[in-house]
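Notes follow once the structure below has been shown.
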Amino acid sequence: MAVPGDEDEQRGTFRAAFEAAGIKIDHVWMQYFSIGGMSRLVEVQAYVYGALTLPPLERDLLAHALNESLDALGVDGRRASYSREVFKDSGDDPHLE
């Protein structure tokens, strides 16, 4: 997972998972918007390619939308990370030590 405030690392995990899955950004944006995302499609596109920054909450919603989309499509593999360790205390994330 990305460390708090490390937008570049979070963007990198998002982009790697997004590109590996081969889905369209408008599909991810619709999921993002449906769960409360506030950025427009063009802003999300600019974020993905490094031309724009997004606040941590918007980045997390976008990561969640991508991860949900990948799960719904049955895509195995990479997942987008969040801006903070959301599983830190629960022990649910096998990637945290």
Side-chain angles (χ1 to χ4, degrees):
M1 293 198 162
V3 295
D6 193 353
E7 184 173 7
D8 290 334
E9 184 177 342
Q10 188 177 9
R11 178 187 294 113
T13 66
F14 179 93
R15 190 165 171 185
F18 170 71
E19 290 176 348
I23 61 176
K24 295 187 178 215
I25 194 66
D26 55 339
H27 174 87
V28 177
W29 180 80
M30 286 297 291
Q31 180 66 23
Y32 159 80
F33 187 74
S34 75
I35 61 173
M38 300 295 289
S39 297
R40 295 174 298 159
L41 176 58
V42 69
E43 293 168 323
V44 168
Q45 290 169 322
Y47 164 75
V48 170
Y49 294 101
L52 183 75
T53 63
L54 291 177
L57 176 60
E58 296 304 312
R59 297 192 318 257
D60 288 345
L61 287 171
L62 188 59
H64 192 69
L66 175 60
N67 293 339
E68 280 190 345
S69 297
L70 297 176
D71 290 343
L73 294 169
V75 175
D76 290 329
R78 297 177 183 227
R79 293 295 187 262
S81 64
Y82 296 91
S83 64
R84 54 198 157 286
E85 295 181 12
V86 294
F87 298 110
K88 185 174 183 179
D89 296 328
S90 70
D92 291 341
D93 188 346
H95 298 99
L96 295 177
E97 297 181 52

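Just so you know, these numbers come straight off a predicted model, no measurement behind them.
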To the nearest 0.5 angstrom, please state how far the [atom1] atom of [X] sits from the [atom2] atom of [Y].
| X | Y | atom1 | atom2 | result |
| --- | --- | --- | --- | --- |
| Gln10 | Leu62 | CD | CG | 8.5 Å |
| Arg79 | Phe18 | CZ | CZ | 14.0 Å |
| Met30 | Ile35 | CE | CD1 | 12.5 Å |

Minimum heavy-atom distance Val75-Ala21, with the two atoms named: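 The answer is CG1-CB, 4.1 Å.
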Which atom of Tyr32 lies closest to which atom of Ser39, heavy atoms considered: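 Where Tyr32 meets Ser39 most closely, the heavy atoms are OH-N, 2.9 Å.
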Do the non-hydrogen side-chain atoms of [X] and [Y] ever get within less than 4.5 Å of each other?
| X | Y | answer |
| --- | --- | --- |
| Ile23 | Leu66 | yes |
| Leu41 | Gln45 | yes |
| Met38 | Leu57 | no |
| Phe14 | Val28 | yes |

Strictly distance-based, threshold 3.5 Å: is any side-chain N or O of [X] a donor or acceptor partner for the main-chain N or O of [Y]?
| X | Y | answer |
| --- | --- | --- |
| Glu58 | Pro55 | no |
| Arg11 | Tyr47 | yes |
| Ser81 | Thr13 | no |

Atom CZ of Arg15 with >12 non-hydrogen neighbours under 6.0 angstrom: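 Buried by this count: over 12 neighbours within 6.0 Å.
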Joint cluster assignment, Tyr82 & Val44, ILVMFWY side-chain distance < 4.5 Å: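 As far as the 4.5 Å side-chain criterion goes, Val44 and Tyr82 are not connected within one cluster.
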Any side-chain donor near an acceptor of the partner, Gln31 and His27, under 3.5 Å: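 Result is no, nothing qualifies.
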